[in-house]
S.K.: 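Sharing a structure here in structure tokens format.
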Amino acid sequence: MPFYSEVILFALLREGGDPYSLVMTATLGNTLGAVVNWFMGLYLLHFQDRRWFYFSKKQIEKAQRWYQNYGFWSLLLAWMPVGGDALTLIAGIMKVRLWLFLTLVGSGKALRYIVIVYLAEQSPL
């Protein structure tokens, strides 16, 4: 079921879950979800001449220009609730190497979960 993984992680930490295992599991699961987007982006343009294709040529060009301006380092922000999925899709369209994608996206997502662990430990709740 789609839900904010941070909320679930926080609740599991408050119930005494092992922070290391929870961070590793959340990071792996969320990163694998991003890989699905990367693959979709990789093959997305094969369908751009179809009538049912969702994105206009202008939208794709705009996304590609944006990505070229900000580069692959923007993948460190793939954890963001708004825009993060679009970054991973664009990375596939731009054919970012998978190892680089995994390194940057995984690092950003892991850091987000580590911050949640820190906040859970500091929380007086």
Side-chain angles (χ1 to χ4, degrees):
M1 236 171 97
F3 193 67
Y4 291 110
S5 56
E6 300 86 359
V7 174
I8 295 170
L9 176 62
F10 188 86
L12 290 172
L13 288 166
R14 299 302 292 166
E15 290 180 5
D18 176 45
Y20 180 78
S21 297
L22 290 172
V23 167
M24 293 303 291
T25 301
T27 300
L28 180 62
N30 213 287
T31 302
L32 288 175
V35 170
V36 171
N37 287 344
W38 180 84
F39 273 112
M40 286 173 39
L42 194 61
Y43 294 102
L44 184 71
L45 297 184
H46 294 289
F47 303 104
Q48 67 183 341
D49 59 339
R50 308 280 168 83
R51 281 179 29 160
W52 51 263
F53 191 73
Y54 183 77
F55 302 102
S56 70
K57 193 172 194 100
K58 192 173 190 175
Q59 287 173 309
I60 293 170
E61 289 170 358
K62 181 179 178 183
Q64 288 175 324
R65 276 194 311 276
W66 183 91
Y67 192 81
Q68 287 171 340
N69 286 336
Y70 295 102
F72 59 83
W73 291 109
S74 64
L75 290 172
L76 288 169
L77 301 175
W79 59 268
M80 295 187 322
V82 176
D85 287 339
L87 284 172
T88 59
L89 186 72
I90 294 167
I93 291 171
M94 299 300 289
K95 296 179 176 39
V96 172
R97 290 185 198 103
L98 185 57
W99 69 266
L100 180 60
F101 177 86
L102 289 170
T103 301
L104 294 173
V105 171
S107 297
K109 290 178 182 287
L111 186 57
R112 168 184 63 175
Y113 293 126
I114 290 168
V115 168
I116 299 298
V117 168
Y118 175 78
L119 294 174
E121 290 174 353
Q122 303 302 315
S123 175
L125 296 175

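All figures in this text were calculated on a predicted structure; none of them were measured in a lab. Heavy-atom basis, side chains included; hydrogens, waters and symmetry copies ignored.
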S.K.: Shared ILVMFWY cluster between Y43 and F101, side chains joined below 4.5 angstrom?
M.R.: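 Cluster IDs for Y43 and F101 match.
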
S.K.: Tell me if the CZ atom of R50 is crowded by more than 12 foreign heavy atoms within 6.0 Å.
M.R.: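 More than 12 within 6.0 Å, yes.
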
S.K.: Indicate the atoms forming the closest heavy-atom contact of L75 with A91, along with that distance.
M.R.: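 Of all heavy-atom pairs spanning L75 and A91, the closest is CD2-CB, 3.8 Å.
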
S.K.: For a 4.5 angstrom cut-off between non-hydrogen side-chain atoms, does Y118 reach I114?
M.R.: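 A side-chain contact under 4.5 Å is absent here.
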
S.K.: Determine whether a donor-acceptor pair (N or O, by modelled atom type, separation under 3.5 Å) exists between the side chain of T88 and the backbone of D85.
M.R.: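 Flag set: sc T88 to bb D85 pair under 3.5 Å.
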
S.K.: Grouping I, L, V, M, F, W and Y whenever their side-chain heavy atoms are under 4.5 Å apart, do M24 and V115 come out in a common cluster?
M.R.: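 As far as the 4.5 Å side-chain criterion goes, V115 and M24 are not connected within one cluster.
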
S.K.: Do the side chains of M80 and R112 get nearer than 4.5 Å, heavy atoms only?
M.R.: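 No, their side chains stay 4.5 Å or more apart.
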
S.K.: Quick check: closest heavy atoms across V117 and P19, and the distance to 0.1 Å?
M.R.: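 Of all heavy-atom pairs spanning V117 and P19, the closest is CG1-CB, 3.9 Å.
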
S.K.: Hydrophobic cluster membership, with links at side-chain heavy-atom distances under 4.5 Å among I/L/V/M/F/W/Y: are W79 and Y4 in one?
M.R.: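 Shared cluster, no.
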
S.K.: Does the W38 side chain pair with the main chain of V96, one donor and one acceptor, at a distance under 3.5 Å?
M.R.: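 Yes, the answer is positive, given that a donor and an acceptor are paired below the 3.5 Å cut-off.
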
S.K.: Would you find a donor on one side and an acceptor on the other, under 3.5 Å apart, between the side chain of W73 and the backbone of Y70?
M.R.: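 It does not hold such a pair.
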
S.K.: Search all heavy atoms of L76 against all heavy atoms of S107 and return the closest pair with its distance.
M.R.: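 In terms of heavy atoms, the two residues are closest at CD2-CB, 4.3 Å.
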
S.K.: State plainly whether one hydrophobic cluster holds both Y67 and L44, where clusters connect Ile, Leu, Val, Met, Phe, Trp and Tyr through side-chain heavy atoms under 4.5 angstrom apart.
M.R.: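 No.
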
S.K.: With a 4.5 Å cut-off on side-chain heavy atoms, are Q64 and I90 touching?
M.R.: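 When only atoms from C-beta onward are counted, Q64 and I90 do not touch, as no gap falls below 4.5 Å.
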
S.K.: Once you round to the nearest 0.5 Å, how far does CG of L87 lie from CG of L104?
M.R.: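 Reported to 0.5 Å precision, the distance equals 11.0 Å.
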
